[in-house]
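Contents: one structure, followed by commentary.
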Amino acid sequence: MFSESVMEETIKNVESIITKWDPNSSPITRATSLFHSNREEAEDFLESVNDLRRAMHALVSEHSTSDKLLLAQNLMQIAMARLEKEFYQILSAVRDQKDPESISARSSEGSSNLEDENELGSEEEFKTAGESNTNVERVTALAMSSDLKSIADCMISSGYSMECIKIYKLIRKSIVDEGLYLLGIEEFRPSQILKMNWEALEHQIKNWLNAVKIAAKTLFIGEKALCDHVFSASQTIRESCFSEITIGGLNLFRFPELVAKCKKLPERIFPLLELYEALSDIRPDVELIFDSESTSKIRQQAVSSLHGLGESIRAILSDFESTIQKDSSKALIVGGGIHPLTQKVTSYISSLADYSRILSDIVADSSPPRNTAFPKAYYESPNYDASSTPAVSVHLAWLILVLLCKLDRKAEGYKDMSLSYLFLANNLQFVIDKVCTTRLYVLLGEDWVFKHAEKVIQYASTYETLAWGNVFSSLPENNSPLLSPEAAKECFQRFNAAFEEAYKKQASWVVPDRRLRDELKVSIAKELIPAYREFYDKHKVMLRRVKDFEVFVRFGPDDLGNYLSDLFHGTAISGSTSPPTPR
């Protein structure tokens, strides 16, 4: 308990240093920074203010009629005016050190944990941290000097928290707002986004993807650490300040939600996936930085944007599936080649596979494909376990199945059944090749490839039977007895007609995949040439004595191999479709 004389002595002792730094006493004191020019005197000033505050409290409670009380109040106003000025100057100096223009040029890699940022070290550590101009968070750490915190503590304990907070919010909010502006973050109305042409919107998306990482991992996290340090004495004040200073974060985290509401086209899914990935990656930072009730709107906005993006992506996937099913093109692909729909869909799905990590989150909770029997029928593996198959794998496999079913229907348009099966073999082989050369292989697995490769073999075998069956059946079975000259002649003529018809019909057919093309030729040759060679060798001596031998024995065994080698290149598209002649 202070006696009146002690209180009067205290007031007298602090009067000299407080009045010396009265910001209104002279131009010199207005232009000079107490904390910059003389740190020891600055500490004395703060201690004097604290002494004055304690003396005033004692006067009010014990000697409320003392004439020294008015003097003490005047001194306190002078002291607070000086501290306001110092607080403003230091914050302004911090603004110069943390220039928003440098934000976008600095790396955000190696962001420290927020709790670590709050464990502030000595003043020497701050100076050392400030030497690294390439790290914004270290520059922010420099701003966490004991000066700002000491002034804030002194003003708040002296009953001038409003003045302190007003200055802090004014300067720090302008820094954060300017930082967001320089990062290209604007406040868009929904109508602006909806009316924006896609090229301009793509530019905004790319800018946002760069900006959001810097904003979350550098700008906001640094601001949080600074605010928590300066106002460590009051949770209410620091939460209120940080909430108002970073309110611009709402515009930052609202942008993806606005984009998600744009027209849903298949090709737009990839920018949406990138937005989802970026927002998902920084969500832990958002939860950590904006952890108070006063900043809950920003947390909720980030979640809302993620939800909106997920809904839009699922809608596009659903629309894409419908687009495949509703494809109404009737044009048949010449020669049974690769259908444009096959190329388009497999390219799209393989690109989706590159975003499998993100898609797994998005489709995890979505309803399974409408055909609930699909996974078992599609994978056809005795060890298949639907519960262990990633949702993204099931979803992409389903889209491929939708394509294959559509191709089945398109194959029905060919009048020649053998060509329809060649078409199916070609297109399924194209799909398999795409799977094996992209990330789809990891998602669908070896079993998927094996089972569908078997399907290609089935298609190819059916094609071979339908396209070459008449040729094969025109020859006698192996080890058949020697035919009479007349019967042999008729057999050769049947073979010539069947082979020429098959060759002529298939001259324009194509098999783009080299391996499949070679396998088909080898398979046909193995079935055809040995049987023909046996028949040819068995009857050629006898028939050479017959008149017009060359007319009905048009092909030697080696000729057949040469003719078969010309197949499946679509040569008739640019060349002749006339039947082969003996060589």
Side-chain angles (χ1 to χ4, degrees), residues 33-36 39 42-43 45-47 49-50 53 79-100 103 112-130 135-179 218-249 288-295:
S33 169
L34 166 62
F35 284 78
H36 181 71
R39 175 159 297 281
E43 293 174 357
F45 186 90
L46 289 173
E47 185 59 37
V49 174
N50 289 329
R53 174 177 51 79
M80 291 300 107
R82 165 50 65 180
L83 290 180
E84 281 185 46
K85 184 177 182 64
E86 295 292 328
F87 201 60
Y88 183 91
Q89 288 177 336
I90 294 173
L91 284 171
S92 297
V94 171
R95 181 193 185 97
D96 294 336
Q97 292 167 344
K98 189 170 183 285
D99 182 1
I103 290 173
S112 302
N113 187 285
L114 189 55
E115 284 83 356
D116 295 336
E117 291 286 355
N118 289 330
E119 295 176 6
L120 302 174
S122 64
E123 184 176 340
E124 184 62 30
E125 288 176 313
F126 289 131
K127 291 179 180 178
T128 302
N135 193 312
V136 176
E137 291 168 64
R138 293 301 127 201
V139 175
T140 302
L142 177 63
M144 298 175 188
S145 66
S146 58
D147 295 341
L148 284 174
K149 176 174 169 51
S150 297
I151 293 173
D153 288 345
C154 186
M155 292 184 70
I156 292 170
S157 62
S158 300
Y160 283 76
S161 59
M162 294 299 294
E163 290 80 357
C164 177
I165 294 169
K166 182 179 179 181
I167 295 171
Y168 188 88
K169 288 180 179 178
L170 176 68
I171 294 181
R172 296 311 304 176
K173 187 176 186 305
S174 68
I175 290 175
V176 172
D177 288 348
E178 187 175 359
T218 300
L219 188 62
F220 291 142
I221 202 170
E223 200 59 44
K224 170 76 168 175
L226 178 61
C227 197
D228 285 353
H229 174 60
V230 173
F231 297 110
S232 60
S234 172
Q235 179 178 344
T236 302
I237 291 177
R238 64 174 177 261
E239 288 182 357
S240 172
C241 282
F242 184 67
S243 174
E244 291 193 32
I245 288 169
T246 57
I247 192 66
L288 183 63
I289 297 169
F290 302 99
D291 59 348
S292 67
E293 181 62 29
S294 59
T295 55

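The shown structure was predicted, so the numbers you read here are calculated from the model rather than taken from an experiment.
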Do the non-hydrogen side-chain atoms of [X] and [Y] ever get within less than 4.5 Å of each other?
X	Y	value
Y168	C227	yes
F220	V176	yes
M155	E84	yes
L83	C154	yes
L219	T246	no
S294	F242	no
V230	R238	no
I171	F87	no

Discussion item. Under the criterion side chain to side chain contact (heavy atoms under 4.5 Å, CB included), I'd like the reasoning laid out for K224 against D291: C-alpha separation, chi angles, the key distance, then a yes or no.
Written reply: CA-CA 10 Å; K224 170 76 168 175; D291 59 348; 2.9 Å; yes
Straight-line distance of [X] [atom1] to [Y] [atom2], nearest 0.5 Å:
X	Y	atom1	atom2	result
I151	C164	CD1	SG	8.5 Å
L46	D153	CG	CG	9.5 Å
E163	I167	CD	CD1	8.0 Å

Worksheet item: Quick one: does T295's side chain have a donor or acceptor within less than 3.5 Å of a partner on S292's backbone?
Response: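 Yes, T295 side chain to S292 backbone: donor-acceptor pair under 3.5 Å.
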Item to complete: State whether the side chain of S92 and the backbone N or O of Y88 hold a donor-acceptor pair below 3.5 Å, judged by distance alone.
Response: yes
Item to complete: Can you sort out the partners of K85 under salt bridge (charged side-chain N to carboxylate O under 4.0 Å, His left out), two or more places apart, ordered by chain and number?
Response: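 Counting only residues at least two positions away or on another chain, K85 forms no salt bridge (charged side-chain N to carboxylate O under 4.0 Å, His left out).
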Worksheet item: What residues, two or more places apart in sequence or in another chain, satisfy salt bridge (charged side-chain N to carboxylate O under 4.0 Å, His left out) together with R82?
Response: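 R82 satisfies salt bridge (charged side-chain N to carboxylate O under 4.0 Å, His left out) with E86 once adjacent residues are dropped.
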Discussion item. Go through it in stages, so that I can follow the logic: the residues are I165 and S240, the test is side chain to side chain contact (heavy atoms under 4.5 Å, CB included), and I'd like the CA-CA distance, side-chain angles, deciding distance and then a yes or no.
Written reply: CA-CA 9 Å; I165 294 169; S240 172; 5.7 Å; no
Practice prompt. Check the pair R172, E223 against salt bridge (Lys or Arg N to Asp or Glu O under 4.0 Å), reporting the backbone distance first and the verdict last.
Written response: CA-CA 8 Å; R172 296 311 304 176; E223 200 59 44; 2.7 Å; yes
